[in-house]
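What follows is a set of notes on a single structure, which appears directly below.
Remember, predicted model here, so these are calculated numbers, not experimental data.
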Amino acid sequence: MASSARSWRPPPPPLLLLLLWVTGQAAPVAGLGLGSDAELQIERRFVPDECPRTVRSGDFVRYHYVGTFPDGQKFDSSYDRDSTFNVFVGKGQLIAGMDQALVGMCVNERRFVKIPPKLAYGSEGVSGVIPPDSVLHFDVLLMDIWNSEDQVQVHTYFKPPSCPRTIQVSDFVRYHYNGTFLDGTLFDSSHNRMKTYDTYVGIGWLIPGMDKGLLGMCVGEKRIITIPPFLAYGEDGDGKDIPGQASLVFDVALLDLHNPKDGISVENKVVPENCERRSQSGDFLRYHYNGTLLDGTLFDSSYSRNRTFDTYIGQGYVIAGMDEGLLGVCIGEKRRIVVPPHLGYGEDGRGNIPGSAVLVFDIHVIDFHNPSDSISVTSHYKPPDCSVLSKKGDYLKYHYNASLLDGTLLDSTWNLGKTYNIVLGSGQVVLGMDMGLREMCVGEKRTVIIPPHLGYGEAGVDGEVPGSAVLVFDIELLELVAGLPEGYMFIWNDEVSSNLFEEIDKDGNGEVLLEEFSEYIHAQVASGKGKLAPGFDAEMIVKNMFTNQDRNADGKVTAEEFKLKDQEATHDEL
């Protein structure tokens with residue numbers, strides 16, 4: 001396909017080019033049949049079904065032939081030289097009979113021609129080759145035809161419905177082609193190499209006819225480009241597969257098109273009506289995508305992995321075109337981002353992405369956040385009396401719906417028919433939820449949006465919460481039991497007895513066992529004189545209180561060991 005021809009030496013001139021016709025009046029061309037030996041006789045042995053053009057005087061032709069005498073003796077053959085006979089018709093370069101016999105032929109037509117002496121070499125003949133007054137028989141097969149006035153011919157046989165852009169000078173293209181001669185003989189094919197032909201157009205990287213024939217094509221278009229030799233490889237051919245003076249036919253399918261000056265293009269498909277925030281450099285995005293080439297060939301899809309693609313944007317974590325194309329998106333937005341190769345994977349490509357390929361990404365933004373984000377709290381309803389607000393240590397009972405930012409439901413206590421119960425500030429929920437439940441009153445309804453670093457992080461919860469997911473909780477607080485002061489698991493509601501140890505030691509033996517201690521504490525709670533921290537296992541609290549008093553760990557507490565909290569700062573047992 002390159003424009004420069006390799007060095008090539010043509011074969012020796014054939015006999016008919018050296019020996020011109022003798023003088024004399026040419027007889028009219030006979031039709032089918034034999035007729036008189038004094039007339040030119042033509043038998044059309046094969047005529048192709050399609051014949052868009054026939055030989056006219058002044059045309060240049062390439063043909064094969066076998067020349068014989070009437071007795072069948074061969075005197076010349078282009079096949080023996082493995083080269084077609086190339087000549088202008090009607091310009092005196094052939095014997096008169098052949099000049100006439102070629103007129104009206106189609107490419108791939110085969111003719112048997114009988115030429116009388118007066119239209120061949122006459123009474124003189126050719127010494128040592130053609131006897132005087134010889135009738136000559138030629139079996140002719142026409143391979144090629146063109147005229148010096150010909151231009152590139154373009155026939156488009158498929159054009160896609162959508163054609164946003166066509167090839168212009170200096171564009172870079174990727175296309176497949178089959179290259180044939182006019183007779184249909186294949187000389188080259190990108191399909192056989194299973195690799196597109198990649199080149200600039202209109203700057204001399206191609207033969208002139210191809211440079212011209214590709215202009216105006218759409219991606220997905222298929223066209224046939226017919227090029228005369230003077231706009232192809234000319235008199236010398238390419239020195240290998242293409243002979244001199246050959247017309248070329250290229251069946252081309254355009255796969256890709258861009259210009260080195262191109263930036264990305266963005267087409268918004270769906271933009272949510274409510275878009276409180278658009279993505280910025282430094283944000284972390286989760287999105288789904290289908291990645292295709294310009295001809296629609298799929299090369300990658302997050303949907304096929306059933307997992308979003310998660311990345312920072314504007315910081316070089318993705319190809320430059322995507323880094324730019326993902327800026328300014330809304331959560332829930334769908335857009336198409338077209339990335340030229342110099343902002344994609346360049347000349348080398350990657351994996352199943354060919355070199356110099358334009359990439360098309362159809363994306364759906366699921367969520368995004370910034371590592372500096374905190375939670376977002378929106379209160380939808382507060383009861384008239386909203387004076388008692390939740391705080392650390394309070395025992396809360398609430399309902400919630402948990403979902404992703406795209407509305408995908410993850411969990412719901414309403415569906416389970418029971419509340420979720422926690423002690424605020426005790427680490428029983430993710431930090432963002434703990435923060436979102438603060439300063440809330442019973443009956444209040446609010447929405448809490450939690451970024452992943454305050455939720456379930458990069459790992460998520462296997463099978464339940466995707467990694468790096470922003471979470472949305474719709475919450476209704478149903479019950480609040482006030483907690484104890486920080487550091488306490490049990491407090492007195494009344495004055496503490498001055499004979500507290502003696503009251504616990506009912507048998508008066510100077511030793512308190514766990515059973516005695518537990519019975520006493522539960523009795524105080526039941527009477528309202530004392531209170532255990534809500535939301536925790538009461539037995540475990542009492543056991544820990546007893547263990548703290550049992551200084552020597554012998555399973556019993558003596559009066560010397562027994563102390564109240566305000567008597568020892570390092571313990572919080574009583």
Subject >> side-chain hydrogen bond (donor to acceptor under 3.5 Å, both in side chains) contacts touching residues 344-362 (sequence neighbours left out) >> reply: R336-D362
My understanding is that only one of [options] makes a side-chain contact (heavy atoms from CB on, under 4.5 Å) with [X]; could you say which?
{"X": "M105", "options": "V103, V107, N108, L102", "answer": "L102"}
{"X": "C51", "options": "T54, V47, D49", "answer": "T54"}
{"X": "R286", "options": "I331, D406, L404", "answer": "L404"}

Non-hydrogen side-chain atoms of [X] and [Y] separated by less than 4.5 Å:
{"X": "L255", "Y": "T297", "value": "no"}
{"X": "T226", "Y": "W146", "value": "no"}
{"X": "Y197", "Y": "L206", "value": "yes"}
{"X": "Y63", "Y": "S78", "value": "no"}
{"X": "F85", "Y": "D76", "value": "no"}
{"X": "I337", "Y": "Y289", "value": "no"}
{"X": "P208", "Y": "L231", "value": "yes"}
{"X": "D144", "Y": "Q245", "value": "no"}

How far apart are the closest heavy atoms of [X] and [Y], and which atoms are they?
{"X": "L182", "Y": "M143", "answer": "CB-O, 3.7 Å"}
{"X": "Y175", "Y": "S190", "answer": "O-OG, 4.2 Å"}
{"X": "L409", "Y": "A402", "answer": "CD1-O, 3.4 Å"}
{"X": "I227", "Y": "G209", "answer": "CD1-C, 3.5 Å"}
{"X": "R44", "Y": "G104", "answer": "NH2-O, 4.2 Å"}
{"X": "F46", "Y": "P48", "answer": "CE2-N, 3.7 Å"}

**OP:** May I ask you to check whether T166 and Q168 show a side-chain donor-acceptor distance below 3.5 Å?
**Re:** yes
Original post:
Under 30°, 30 to 60°, or over 60°: which ring-plane class applies to H64 and Y79, parallel, tilted or perpendicular?
Top reply: parallel
**OP:** Please test R305 against D300 for side-chain contact (heavy atoms from CB on, under 4.5 Å), starting from the C-alpha separation and ending with a verdict.
**Re:** CA-CA 10 Å; R305 294 187 294 273; D300 192 17; 2.8 Å; yes
Say you draw a straight line from [atom1] of [X] to [atom2] of [Y]; how long is it, rounded to the nearest 0.5 Å?
{"X": "M98", "Y": "Q93", "atom1": "CE", "atom2": "CD", "answer": "14.0 Å"}
{"X": "I449", "Y": "S374", "atom1": "CD1", "atom2": "OG", "answer": "11.5 Å"}
{"X": "Y303", "Y": "T308", "atom1": "OH", "atom2": "OG1", "answer": "10.5 Å"}
{"X": "E476", "Y": "K445", "atom1": "CD", "atom2": "NZ", "answer": "4.5 Å"}
{"X": "S247", "Y": "F181", "atom1": "OG", "atom2": "CZ", "answer": "10.0 Å"}
{"X": "D251", "Y": "I224", "atom1": "CG", "atom2": "CD1", "answer": "5.0 Å"}

Subject >> Whether over 12 other heavy atoms sit under 6.0 Å from R45 CZ >> reply: yes
Original post:
Quick check: are there more than 12 heavy atoms from other residues, nucleotides or ligands sitting under 6.0 Å from CG of D82?
Top reply: no
**OP:** Begin with the C-alpha distance, continue with both residues' side-chain angles, and end with the deciding distance and a verdict on side-chain contact (heavy atoms from CB on, under 4.5 Å) for D171 and R165.
**Re:** CA-CA 11 Å; D171 283 343; R165 175 176 175 180; 3.2 Å; yes
Subject >> Non-neighbouring partners of N306 that pass side chain to side chain contact (heavy atoms under 4.5 Å, CB included), sequence neighbours left out >> reply: none
Subject >> Residue pairs passing the disulfide bond (SG atoms under 2.5 Å apart) test where at least one lies in residues 306-341, sequence neighbours excluded >> reply: C275-C330
Original post:
Does anything in residues 137-168 pair up under disulfide bond (SG atoms under 2.5 Å apart), and if so which pairs, sequence neighbours excluded?
Top reply: C163-C218
Subject >> Ring center gap for H191 and H176 short of 6.0 angstrom >> reply: yes
**OP:** Please determine which of D183, N86, T84 meets the side chain to side chain donor-acceptor pair (under 3.5 Å) test together with R62.
**Re:** T84
Original post:
What do the steps show when you test T311 against Y287 for side-chain contact (heavy atoms from CB on, under 4.5 Å), and what is the final call?
Top reply: CA-CA 9 Å; T311 185; Y287 61 95; 4.0 Å; yes
**OP:** Flag the pair D283 and R278 as a salt bridge only when some basic side-chain nitrogen lies within less than 4.0 angstrom of an acidic carboxylate oxygen.
**Re:** no
Original post:
When you measure from the side chain of D323 to the backbone N and O of G314, does any donor-acceptor pair fall under 3.5 Å?
Top reply: yes
**OP:** Using atom types as modelled and distance alone, determine if a side-chain donor or acceptor of H342 lies under 3.5 Å from a backbone N or O of D262.
**Re:** yes
Original post:
According to the salt bridge (Lys or Arg N to Asp or Glu O under 4.0 Å) rule, which pairs have a member within residues 145-162, sequence neighbours left out?
Top reply: R53-D150
Going by atom type alone, with no hydrogens or angles, which donor-acceptor pairs under 3.5 Å involve a side-chain atom of residues 452-474 and a protein atom two or more places apart or on another chain?
{"unit_1": "H453", "atom_1": "NE2", "unit_2": "P371", "atom_2": "O", "d": "3.3"}
{"unit_1": "H453", "atom_1": "NE2", "unit_2": "D373", "atom_2": "O", "d": "2.8"}
{"unit_1": "D474", "atom_1": "OD1", "unit_2": "T447", "atom_2": "OG1", "d": "2.6"}

Original post:
Passes side-chain contact (heavy atoms from CB on, under 4.5 Å), V318 versus F309? Steps please.
Top reply: CA-CA 11 Å; V318 290; F309 190 80; 3.7 Å; yes
